[in-house]
Trainee: 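Quick one: this structure, given as structure tokens, is what I'll be asking you about.
Atoms within a ligand are numbered from 1 in the order they appear, just like the ligands themselves.
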Amino acid sequence: MLAGFLKRWMPQGIYGRAALILLLPVLTLQLVVSVVFIQRHFEGVTAQMTRNVLIETRYLVDRLDAAETLAAAGLAGAQLGQALQIDVLVPAPGPGADLRAFWDLSGRVVVETLQDGLPGLRNIDLVSNHREVRMVVDTAQGPVELRVPRGRVSASNPHQLLVLMISTGILMTWISFVFLRNQLRPIRRLARAADAFGKGRHVPYRVAGAAEVRQAGAAFLDMRARIERQIEQRTLMLSGVSHDLRTPLTRMKLALSMMEETEETRDMLRDVGDMQRLVDEFLSFARSDALDDMVPTDLSALVRRVIEDAARAGHTVNLETSVETGSILLRPQAVTRALENLLGNAVRYGTCAVVRLERLPHAVRLRVEDDGPGIPAARREDALKPFSRLDPARNQNHTAGVGLGLAIASDIARKHGGRLVLGDSTRLGGLRADLELAI
Ligand SMILES: Nc1ncnc2c1ncn2[C@@H]1O[C@H](COP(=O)(O)OP(=O)(O)OP(=O)(O)O)[C@@H](O)[C@H]1O
Ligand SMILES: [Mg+2]
């Protein structure tokens with residue numbers, strides 16, 4: 001439960017987590033120290049100082065009580081008060097009231113200590129003058145007001161330590177965060193480069209940072225170079241072979257058409273035609289990697305165009321819902337090709353197709369549904385593999401395909417950081433192909 005709670009509420013990014021790891025102990029420490037230690041410490045000091053003043057005040061009040069007249073009390077108060085640093089106002093100028101600011105925590109201790117120890121105390125005023133404690137005390141001659149400097153009853157500036165602690169804490173946290181950010185930046189760059197490469201983009205990346213990050217960065221660069229080299233080699237080889245096969249095939253076709261037309265030559269001509277189509281498919285499959293670059297493209301316009309082309313070719317293809325995607329970074333020719341392949345399948349194995357363009361949180365989804373026989377769940381993975389054609393009986397009536405259409409579409413989706421998902425169309429009963437592209 002705790003793990004789930006932490007997972008939900010922990011910041012997701014590395015900066016947020018680092019800040020939390022950095023701040024949490026510092027804040028907890030400061031809080032505990034200030035509440036438990038400082039608070040108690042200052043309370044103790046304040047109580048002690050107030051008790052000292054209390055002894056003097058009691059002595060002063062005794063002397064005032066002992067005076068015979070009000071004038072004598074005033075004189076005694078003035079003399080003694082000067083010696084004790086207590087201002088004595090005889091008689092008290094006003095009745096006064098208990099006053100203390102709510103944030104004045106040490107004031108609470110002062111008030112409690114004085115109330116406990118001074119019998120004739122009427123009220124204590126800490127607010128009228130922040131630098132003084134004003135008390136109205138009953139004496140034999142009537143109420144008098146005593147004013148004691150605040151510095152004598154509570155430690156001056158008890159908040160200084162807190163302020164110092166917090167400001168130093170903030171400063172140190174900020175400094176360490178700056179350092180930490182410099183350490184985290186290379187990790188973020190590596191993550192961005194790896195993410196972009198996964199989506200088929202090549203962003204410049206330079207190894208930097210701490211030893212471990214450099215190691216991971218160097219490994220990533222090696223891996224990227226190897227994958228790119230392999231793709232290049234595969235493309236070269238496939239296109240080389242298919243290209244070289246074209247010439248002899250054309251020659252064979254020519255030779256066959258020159259020969260006397262018989263059943264056999266007709267069959268051979270058809271075979272050669274099939275081979276030529278296969279070779280062309282090979283060639284375009286091999287080239288699909290080098291097809292085009294990522295450019296900002298209006299996907300909704302692209303989809304409409306492909307559907308219009310299909311409709312013009314005599315197919316029943318409808319665009320049912322479409323969001324306006326605006327400009328998205330993608331490979332327009334590749335996406336066109338993927339959509340054409342899906343539509344081609346839909347009208348080849350079914351009779352009509354419905355297309356939807358929808359927006360997901362971090363992707364767009366092109367959904368193609370048809371009314372054909374669909375593909376059973378167990379065969380879907382196979383259908384996505386290159387050169388795989390399912391169920392020969394089903395395909396017999398149709399013009400022979402190569403088995404590359406879905407493989408190419410899936411490849412293109414992956415190059416856009418997305419995927420091709422096959423499912424059942426609930427509306428039309430055939431196949432549902434979802435081409436998801438990350439944005
Ligand atoms: N919409 C669909 N409905 C039913 N089956 C399908 C559908 N799309 C594909 N399939 C099955 O999946 C197999 C693979 O499809 P894929 O598009 O990769 O190749 P293909 O259509 O046979 O040939 P190509 O597209 O290369 O001309 C097809 O042979 C077919 O059996
Ligand atoms: Mg196909």
Trainee: Would you please classify the geometry between the Tyr15 ring and the Phe177 ring as parallel, tilted or perpendicular, with 30° and 60° separating the classes?
Mentor: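 Judged by the thresholds at 30° and 60°, the geometry between Phe177 and Tyr15 is tilted.
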Trainee: Taking N or O atoms only and a 3.5 Å limit, does Pro373 qualify as a polar contact for ligand 1?
Mentor: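 In this structure, Pro373 places no N or O atom under 3.5 Å from an N or O of ligand 1.
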Trainee: Counting backbone and side chain alike, does Asn341 bring an N/O/S atom below 2.8 Å of the Mg ion (ligand 2)?
Mentor: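 No, outside the cut-off.
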Trainee: Quick check on Ser388 - does any of its heavy atoms sit under 4.0 Å from an atom of ligand 1?
Mentor: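 Yes, Ser388 has a heavy atom closer than 4.0 Å to ligand 1.
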Trainee: Would you tell me whether Asp382 and Ser388 have side-chain atoms, one donor and one acceptor, within less than 3.5 Å of each other?
Mentor: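 No, no side-chain donor-acceptor contact under 3.5 Å.
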Trainee: For ligand 1, which atoms, with element, lie under 4.0 Å from some heavy atom of Asp370?
Mentor: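 Numbered from 1, ligand 1 contributes 1 (N), 2 (C).
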Trainee: For atom 19 (O) of ligand 1, tell me which residue out of Ser425, Gly372, Gly403 has the closest non-hydrogen atom.
Mentor: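 It is Gly403 whose heavy atom sits nearest to atom 19 (O) of ligand 1.
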Trainee: Between Arg51 and Thr113, is a side chain to side chain contact (heavy atoms under 4.5 Å, CB included) present by the stated rule, with each step listed?
Mentor: CA-CA 7 Å; Arg51 273 197 296 274; Thr113 315; 3.7 Å; yes
Trainee: Using distance alone, decide if ligand 1 has a nitrogen or oxygen within less than 3.5 Å of any nitrogen or oxygen in Leu406.
Mentor: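 The answer is yes, given that Leu406 and ligand 1 share an N or O pair closer than 3.5 Å.
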Trainee: Carefully, step by step, assess Asp424 and Arg432 under the rule side chain to side chain contact (heavy atoms under 4.5 Å, CB included).
Mentor: CA-CA 5 Å; Asp424 291 319; Arg432 186 191 72 204; 5.9 Å; no
Trainee: Looking only at side chains, do Arg181 and Ser176 share a donor and an acceptor under 3.5 Å apart?
Mentor: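 No, because no side-chain N or O of Arg181 sits under 3.5 Å from a partner of the opposite role on Ser176.
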Trainee: Does the side chain of His416 come under 3.5 Å of the side chain of Glu436 through a donor N or O and an acceptor N or O?
Mentor: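 The answer is no; no qualifying pair exists.
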Trainee: Mind checking whether Ala433 contacts ligand 1 via backbone (N, CA, C, O), side chain (CB onward), both or neither, at a 4.0 Å heavy-atom cut-off?
Mentor: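 None of Ala433 does.
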Trainee: Show the atoms of ligand 1 that are less than 4.0 angstrom away from any heavy atom in Gly374.
Mentor: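 Per the distance check, 4 (C), 5 (N).
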Trainee: Run the contact test for Ile375 against ligand 1 with a 4.0 Å cut-off on heavy atoms, strictly below, and give the result.
Mentor: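 Checking ligand 1 against Ile375, which is what was asked, there is a heavy-atom contact under 4.0 Å.
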Trainee: Work out whether the distance between some heavy atom of Gly405 and some atom of ligand 1 is less than 4.0 Å.
Mentor: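 So Gly405 counts as touching ligand 1.
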Trainee: Tell me, yes or no, whether the heavy-atom count around Arg224 atom CZ, taken from other residues, nucleotides or ligands under 6.0 Å, exceeds 12.
Mentor: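 For Arg224, atom CZ is crowded (more than 12 foreign heavy atoms under 6.0 Å).
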Trainee: Judged by non-hydrogen atoms, does Arg348 sit under 4.0 Å from ligand 1?
Mentor: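 Checking ligand 1 against Arg348, which is what was asked, there is a heavy-atom contact under 4.0 Å.
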Trainee: Hey, are Thr265 and Asp267 close enough side-chain-wise for a donor-acceptor pair under 3.5 Å?
Mentor: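 The answer is no; no qualifying pair exists.
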Trainee: Closest heavy-atom contact between Leu435 and Ala409?
Mentor: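 Heavy-atom minimum between the residues: CD1-O, 3.7 Å.
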Trainee: If the contact criterion is a heavy-atom separation under 4.0 Å, does Gly430 count as touching ligand 1?
Mentor: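 For ligand 1, residue contact (heavy atoms, under 4.0 Å) with Gly430 is absent.
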Trainee: Is the shortest N/O to N/O distance between Ala407 and ligand 1 below 3.5 Å?
Mentor: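 Checking ligand 1 against Ala407, no N or O pair falls under 3.5 Å apart.
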